[in-house]
Number of protein chains: 2
Amino acid sequence: MSQINPQRYFDCEDCLFRTISCQYIQKEEFEKLRSKSVQLRYKKGEVILKQGAKSTHFLFLRKGIIKFNYEDENGKNLILSINKAPALIGGANLVNAEFNLFSVCAIEDCEGCTIDVALLTRIALGNTLYLFKMLQFITDVFRSSIFNFISLAHKQVNGRIADILIFLSQNIYMNDAFVLSLSRQEFAEFAGCSKENVIHTLRKFHNEGLITVEGKKIILNDPERLQKISKHG
Amino acid sequence: MSQINPQRYFDCEDCLFRTISCQYIQKEEFEKLRSKSVQLRYKKGEVILKQGAKSTHFLFLRKGIIKFNYEDENGKNLILSINKAPALIGGANLVNAEFNLFSVCAIEDCEGCTIDVALLTRIALGNTLYLFKMLQFITDVFRSSIFNFISLAHKQVNGRIADILIFLSQNIYMNDAFVLSLSRQEFAEFAGCSKENVIHTLRKFHNEGLITVEGKKIILNDPERLQKISKHG
DNA sequence: TTAAAAAACTGCATTATTTCACCTTTCGAT
DNA sequence: ATCGAAAGGTGAAATAATGCAGTTTTTTAA
C-alpha cells in the first residue's frame with residue numbers, strides 16, 4: 001500500500017466509475033478527480049477503512065471482495081455485509097460526514113482507486129443527477145445488508161446459514177459451487193452465532209446431502225431445499 | 001383518514017419541515033409543495049404506509065410515534081425501528097423509487113402532512129443543498145435502526161431487552177419512566193424473540209429491582225446496571 | 001522442511017430460548 | 001353490565017445454542 005511512488009496497476013480507460021461518471025460530468029471534471037486518485041492493491045485480510053477513523057477518501061473497488069465489519073465494545077465482531085466489486089465503498093459518510101462507523105476489510109485480494117471525498121462532494125453538489133447516481137451507488141452497498149439483518153432477526157441458525165449460503169452463491173460468487181473467502185469464525189460473525197454452531201450446521205447440511213463441504217470448497221447440491229430451510233426459519 | 005374535505009388540524013406556521021425547507025428553497029416553491037399536501041391524523045395502530053405498495057407521498061410526521069415493520073413470507077413481523085416526530089417517513093424510496101420495503105404504523109396517535117414525492121424530488125434536484133438536507137432527514141430514520149440490528153446480531157435476549165429499554169428511555173420517551181406504546185408481542189418483534197421471553201425477562205429485571213414494571217408503565221430504576229447488562233450481552 | 005501457530009473440527013455439559021397448555025386481566029362493543 | 005376477544009402472564013418440557021476441552025488438520029514463517 002506504498003504511496004511513495006504512486007503506481008499504476010491498471011488502466012483507467014475501462015473503469016466503470018469513469019464510464020458512469022462521464023455520463024454525468026465533464027471529462028475535465030473527471031480528470032480533476034482522477035488527478036487526486038491513487039491506485040491501490042490490498043491483500044486478503046488487509047483493512048481498507050478503519051472503524052472510528054475519519055476517512056478523507058472513498059474507494060472505488062474495481063476488483064475483489066470485501067466485508068463491512070463492526071467491532072463492539074467487547075471486541076466482538078459482526079460482519080454487516082459482504083460486497084464484491086464493482087462498488088463504491090465508504091459512503092456511510094457522504095451524507096453524514098463523521099467518523100467511519102464500520103471497518104472495511106478485503107476478504108480476497110482487491111484493487112481499487114481512492115476518491116477524494118471533498119472533491120467528489122463539491123462536484124456532485126454542482127450536478128444533482130450525478131449526486132443522485134452516487135447516492136444510488138452508496139445505498140446499494142447498504143441495502144444489501146438489510147435483508148441479512150432481517151434474516152438474523154427472526155430466523156434460527158439453520159435458516160440464517162441457509163440464507164448466507166444462498167446469498168454467497170447468488171450475489172457474490174454467482175455459482176452453486178464456490179471457494180469460501182471466509183473463515184468459519186468470520187462465517188459465524190456474519191451469521192451471528194458461535195463458530196462451533198457454523199461447523200455443526202454445515203456438517204449437518206453436508207450429511208443430509210444438501211451441500212458438499214470440503215474445507216473451503218462448498219457446493220450447493222439442492223438450492224431449492226436450502227430455500228425451504230431459509231423460509232421455514 | 002378522509003380526504004373528501006381536506007381538513008386543517010394544525011397551523012403550518014410553526015412546522016419544522018416548513019422552517020427547514022425555507023432555509024433552502026423559495027417560499028413560492030414551498031407553497032407548491034404545500035398546495036399538494038394534506039394534513040392527516042392516524043389513530044394508534046393505523047397503517048401509514050403499507051409494505052409492498054407504491055407510495056406517491058412521504059409523510060412529514062409532526063406528532064406521534066411510529067414503527068417500521070417488516071412482515072416476512074410466513075407472516076412473522078419484525079420491527080426494524082421506532083421513531084418519534086419530527087421525522088420524514090418513507091424515504092427508503094427517494095433514491096430507489098420502488099415499492100415500500102416496509103410498513104409504517106402509528107404506535108401512538110400521530111399527525112402529519114403528506115408530501116408529494118415527485119414534486120419534492122423535482123425541487124430537490126434543482127437545489128442540491130436542499131437535496132442533501134432531505135437525505136439527511138431520511139437517513140436519520142435509517143441509521144437509528146443499524147445499532148438495533150447490531151444489538152440483535154450478537155447479544156442474547158437479556159442484553160437486547162436492556163438495549164431496547166435504554167433506547168426507548170433515551171431516544172423516544174426522553175425519561176427514565178414511561179408508558180410503553182408497544183404490546184408485549186410488539187416488544188418481542190423488536191427484540192427478535194418470543195413474547196414469553198420478553199415477559200419472563202421483564203419480570204426478572206423487575207424482581208432484581210433493575211426496573212419497575214406495572215403493566216405498560218415502566219421505570220428504569222438503575223440505568224447504569226442496565227447498561228452493564230447491555231454491554232455484557 | 002519442519003516447528004509453531006492458527007484454523008477446523010468433535011462431542012458433551014451447561015445454559016438459553018422456544019413452545020405449549022393453560023390461567024388471568026383488560027378493554028371494547030353490544 | 002356483560003360477553004367475548006385480545007393481551008398479559010405462568011411454569012415446565014422440549015429444543016436450540018453456547019462454551020469448553022481437547023484432537024486433528026492446515027497454514028505460516030523460520
Side-chain angles (χ1 to χ4, degrees), chain A residues 43-46 74-79 107-109 151-164 179-208 211-218 229-230 232-233, chain B residues 43-46 67 74-79 105 107-109 151-164 179-208 211-218 229-230 232-233:
Chain A
K43 284 233 169 303
K44 178 168 179 160
E46 265 191 276
N74 306 313
K76 238 174 128 181
N77 290 300
L78 173 70
I79 296 181
I107 58 170
E108 289 294 339
D109 292 355
S151 163
L152 256 167
H154 56 182
K155 290 182 187 173
Q156 309 203 159
V157 171
N158 277 349
R160 305 212 292 264
I161 288 185
D163 275 344
I164 289 176
V179 177
L180 194 61
S181 314
L182 302 167
S183 70
R184 299 297 195 260
Q185 179 58 45
E186 285 176 312
F187 200 122
E189 287 163 3
F190 198 26
C193 65
S194 67
K195 76 172 197 301
E196 290 91 340
N197 208 338
V198 169
I199 294 167
H200 288 315
T201 306
L202 288 178
R203 171 76 35 221
K204 193 177 64 185
F205 287 176
H206 177 96
N207 291 341
E208 290 168 355
I211 62 176
T212 303
V213 183
E214 205 191 308
K216 300 255 170 180
K217 272 178 278 177
I218 294 183
I229 290 176
S230 153
H232 173 264
Chain B
K43 284 232 169 302
K44 179 169 178 159
E46 264 189 279
K67 64 173 179 182
N74 306 313
K76 237 174 129 181
N77 290 300
L78 172 70
I79 296 180
C105 309
I107 59 170
E108 287 296 339
D109 292 355
S151 163
L152 256 168
H154 56 183
K155 290 182 188 173
Q156 309 202 160
V157 170
N158 277 348
R160 303 211 294 264
I161 288 183
D163 275 344
I164 289 176
V179 177
L180 193 62
S181 313
L182 301 167
S183 69
R184 298 297 194 260
Q185 179 59 43
E186 284 176 313
F187 200 122
E189 288 163 2
F190 198 25
C193 67
S194 67
K195 79 168 200 300
E196 290 90 340
N197 207 339
V198 170
I199 294 167
H200 289 315
T201 305
L202 288 179
R203 171 74 38 220
K204 193 176 65 186
F205 287 175
H206 175 97
N207 291 340
E208 289 167 356
I211 62 176
T212 303
V213 183
E214 206 191 308
K216 301 254 170 182
K217 271 179 278 178
I218 294 184
I229 290 176
S230 153
H232 173 265

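Chain letters run A, B, ... following the sequence lines, proteins first, then strands; residues in each count from 1.
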Asks: For A:V157 and A:R160, run side chain to side chain contact (heavy atoms under 4.5 Å, CB included): C-alpha distance rounded to whole Å, both residues' side-chain angles, the deciding distance at 0.1 Å, then the answer.
Replies: CA-CA 5 Å; A:V157 171; A:R160 305 212 292 264; 3.7 Å; yes
Asks: Could you measure the distance from the CD1 atom of B:I107 to the CD atom of B:E46? Nearest 0.5 Å is fine.
Replies: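 Rounded to the nearest 0.5 Å, the CD1-CD separation comes to 14.5 Å.
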Asks: How close do B:L202 and B:I161 get, heavy atom to heavy atom, and via which atoms?
Replies: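 Looking at all heavy atoms of both residues, the shortest contact is CD2-CG2, 4.1 Å.
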Asks: To the closest 0.5 Å, what do you measure between CG (B:N197) and CZ (B:R184)?
Replies: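 Between B:N197 CG and B:R184 CZ, I get 13.5 Å after rounding to 0.5 Å.
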Asks: Determine the sole option in A:H200, A:E189, A:E186, A:Q185 for which the side chain to side chain contact (heavy atoms under 4.5 Å, CB included) test with A:K195 is passed.
Replies: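 So, applying the side chain to side chain contact (heavy atoms under 4.5 Å, CB included) to A:K195 and each of A:H200, A:E189, A:E186, A:Q185, only A:Q185 qualifies.
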Asks: For the pair made of CD in B:Q156 and P in D:dT18, what is the distance, rounded to whole Å?
Replies: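 Atom-to-atom, B:Q156 to D:dT18, this comes out as 7 Å.
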Asks: So, for B:C193 and B:V198, which heavy atoms are closest and what is the spacing to 0.1 Å?
Replies: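 Nearest pair, atom of B:C193 first, then B:V198: SG-CG2, 3.7 Å.
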Asks: If we only count heavy atoms from C-beta on, is the A:F205 to A:N158 side-chain gap below 4.5 Å?
Replies: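 They are in contact (side-chain heavy atoms under 4.5 Å apart), so the answer is yes.
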Asks: In whole angstroms, how far is the C1' atom of D:dT18 from the CD1 atom of A:I161?
Replies: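 It works out to 13 Å between those atoms.
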Asks: Can you give the first and last nucleotides of DNA chain C, 5' to 3', that have an atom under 4.0 Å from a heavy atom of chain B?
Replies: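 So the outermost contacting nucleotides come out as C:dA16 to C:dC20.
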Asks: Tell me which of B:G192 and A:E214 sits closer to the 5' end of DNA chain C, going by the nucleotide each one is nearest to.
Replies: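 It is A:E214 whose nearest nucleotide is closer to the 5' end.
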Asks: Mind listing the closest non-hydrogen atom pair of B:A153 and A:L152 along with its distance?
Replies: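 In terms of heavy atoms, the two residues are closest at CB-CD1, 3.7 Å.
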Asks: Report the residue (B:Q185 or A:R160) whose heavy-atom-nearest nucleotide on DNA chain D is the more 5′ of the two.
Replies: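 Between the two, 5'-proximity favours B:Q185.
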Asks: D:dG8 P sits how many Å from B:I218 CD1, rounded?
Replies: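 About 11 Å, once rounded to whole Å.
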Asks: Can you sort out which residues in residues 194-208 of chain B have a heavy atom within less than 4.0 Å of DNA chain D? Ascending by number, please.
Replies: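 Correct list: B:E196, B:I199, B:H200, B:R203.
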Asks: Rounded to whole Å, how long is the line connecting atom NE2 of A:H154 with atom P of D:dA16?
Replies: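 That distance rounds to 18 Å.
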